[in-house]
Amino acid sequence: MIDRTLPRDLSLLENRLGYSFSDLTYLRTALTHSSYSNELRAHGTVIKYNERMEFLGDAVLQIVTSEFLFSKYPDLPEGDLSPIRASAVCEEALFRYAKAIRLGDYLLLGKGEEHDGRNKKSILADAFEAVLAALFLDGGIGAVKPFLLPILSEEVDEIVRTASYKDYKTELQQFIQADRGEHPDYFVVSESGPAHKKLFEVEAMLNSNVIGRGKGSSKREAEQQAAKEALRLFGLIQ
């Protein structure tokens, strides 16, 4: 017999969402993975799972994020707003948001997913979107924003601060190839700090010349900063 109860008291999750549902069916469906629904179906019980809600949740996420960015950055062009939004709503970001509210603790999963499904990036990211849909269906956009906007604000602030949405490496590559037919190389010259808080320093090299240096909490961020400095050297950005 399959246990049809949710793993934890949903009131704990409601507290993390900052919202009390009028109809908990929406939230239960958002937390039900297809693997669990399929197992029940094999035993003659049919319940809804969260894939349709992911579809709606994705649309809700896009509109709230777009409106937030449009209002917060009135002077940024679409060419900047789009990649910022993409970074803020990508699977990696949604995974972090889901982990922050311990969403995996509440998921209904089939036996095949129980081993690592509660920490699987794709499952958690999809469930987060489904939970946004549950909030929207139960309370409208007014139920979504108080929960989602503080998360987005913190994430977007970090994206803009580090300029991680800008692909300086590609811009530098295109410039150098067009001008010289060559390409830059990137080398990690130092790595410091504890495992959970690394700091990388990278040099961008063209032939044997250092054209930029950058630091960051990941190699990618440090490389982007090195490329940004190189673009300044060539007078392409300020």
Side-chain angles (χ1 to χ4, degrees), residues 58 61-62 65-66 68-70 72-100 103-104 116 119-126 128-129 148 150-238:
D58 175 70
L61 176 63
Q62 293 287 336
T65 306
S66 298
F68 170 73
L69 292 174
F70 187 83
K72 183 167 184 176
Y73 300 103
D75 298 324
L76 280 185
E78 186 276 337
D80 284 336
L81 293 175
S82 289
I84 293 173
R85 181 181 61 190
S87 295
V89 303
C90 68
E91 184 179 72
E92 182 67 40
L94 297 183
F95 173 65
R96 291 197 304 274
Y97 306 160
K99 293 285 283 187
L103 192 57
D116 63 355
N119 292 301
K120 187 177 289 186
K121 187 180 298 183
S122 60
I123 288 178
L124 284 174
D126 289 345
F128 186 85
E129 289 182 331
L148 183 58
I151 295 172
L152 284 176
S153 182
E154 183 176 349
E155 181 74 11
V156 168
D157 283 348
E158 180 66 11
I159 292 169
V160 173
R161 183 188 69 80
T162 61
S164 59
Y165 68 96
K166 287 185 176 290
D167 193 353
Y168 294 117
K169 287 180 65 178
T170 296
E171 190 174 344
L172 180 63
Q173 174 88 2
Q174 291 173 344
F175 167 73
I176 290 176
Q177 282 187 331
D179 187 56
R180 308 184 181 202
E182 301 171 333
H183 64 86
D185 295 304
Y186 298 87
F187 300 95
V188 176
V189 294
S190 72
E191 183 178 330
S192 59
H196 69 282
K197 199 173 182 181
K198 288 284 189 183
L199 180 65
F200 297 89
E201 184 173 3
V202 165
E203 289 183 344
M205 305 280 293
L206 184 60
N207 297 322
S208 59
N209 300 310
V210 177
I211 57 174
R213 292 185 177 86
K215 295 181 179 180
S217 58
S218 67
K219 291 179 183 178
R220 181 186 182 279
E221 182 182 341
E223 288 173 353
Q224 288 288 347
Q225 294 303 316
K228 182 178 181 180
E229 186 176 279
L231 289 169
R232 285 200 184 104
L233 175 69
F234 290 118
L236 298 177
I237 61 173
Q238 294 183 348

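Just so you know, residue 1 is the first one in the sequence shown, and it goes up from there. The figures that follow rest on heavy atoms only: side chains count, while hydrogens, waters and symmetry mates do not.
With a 6.0 Å radius and a threshold of 12 heavy atoms from other residues, nucleotides or ligands, Lys198 has its NZ atom above the threshold. The environment of Glu154 atom CD is sparse: at most 12 non-hydrogen atoms of other residues, nucleotides or ligands sit within 6.0 angstrom. Atom OH of Tyr73 is surrounded by more than 12 heavy atoms from other residues, nucleotides or ligands within 6.0 Å.
Separation of atoms OG (Ser190) and CG (Leu199) is listed at 6.5 Å; rounding is to 0.5 Å.
Residues forming a ring-ring contact (aromatic ring centres under 6.0 Å, His included) with Phe234 (at least two apart in sequence, or on another chain): Phe175. Partners of Glu182 under the side-chain hydrogen bond (donor to acceptor under 3.5 Å, both in side chains) rule, at least two apart in sequence or in another chain, do not exist in this structure. Checked against salt bridge (charged side-chain N to carboxylate O under 4.0 Å, His left out), Glu158 has the following partners two or more places apart in sequence or in another chain: Arg161. Annotation: side-chain hydrogen bond (donor to acceptor under 3.5 Å, both in side chains) contacts of Ser122 (sequence neighbours excluded): none. With sequence neighbours excluded, the residues forming a side-chain hydrogen bond (donor to acceptor under 3.5 Å, both in side chains) with Asn119 are Lys99, listed by chain and number. Every residue two or more places apart in sequence or in another chain that forms a salt bridge (charged side-chain N to carboxylate O under 4.0 Å, His left out) with Asp157 is listed here: Lys72. Partners of Glu129 by side-chain hydrogen bond (donor to acceptor under 3.5 Å, both in side chains), not counting sequence neighbours: none found.
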Q: Evaluate the criterion side chain to side chain contact (heavy atoms under 4.5 Å, CB included) for residue pair Gln224 and Asp167; output intermediate values, then yes/no.
A: CA-CA 7 Å; Gln224 288 288 347; Asp167 193 353; 3.3 Å; yes
For residues 87-98, which side-chain donor-acceptor pairs fall under 3.5 Å, sequence neighbours excluded?
residue	atom	partner	partner atom	Å
Ser87	OG	Pro83	O	3.1
Glu92	OE1	Lys121	NZ	2.6
Arg96	NH2	Glu155	OE1	3.0
Arg96	NH2	Glu155	OE2	2.3
Tyr97	OH	Ala88	O	2.6

Only pairs under 3.5 Å count here: list side-chain donor-acceptor contacts from residues 206-218, not counting sequence neighbours, and write none if there are none.
residue	atom	partner	partner atom	Å
Arg213	NE	Glu203	OE2	3.1
Ser217	OG	Glu221	OE1	3.0
Ser218	OG	Glu221	N	3.1

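Screening residues 222-238 for salt bridge (charged side-chain N to carboxylate O under 4.0 Å, His left out), with sequence neighbours left out, gives Lys169-Glu223. Here ring-ring contact (aromatic ring centres under 6.0 Å, His included) pairs that include residues 201-221, with residues two or more places apart or in two chains, number zero. Each salt bridge (charged side-chain N to carboxylate O under 4.0 Å, His left out) pair with one or both residues in residues 73-84, not counting sequence neighbours, appears once here: Asp80-Lys166.
Leu148 has its side chain out of reach of Phe68: every pair of non-hydrogen atoms, C-beta onward, lies at least 4.5 Å apart.
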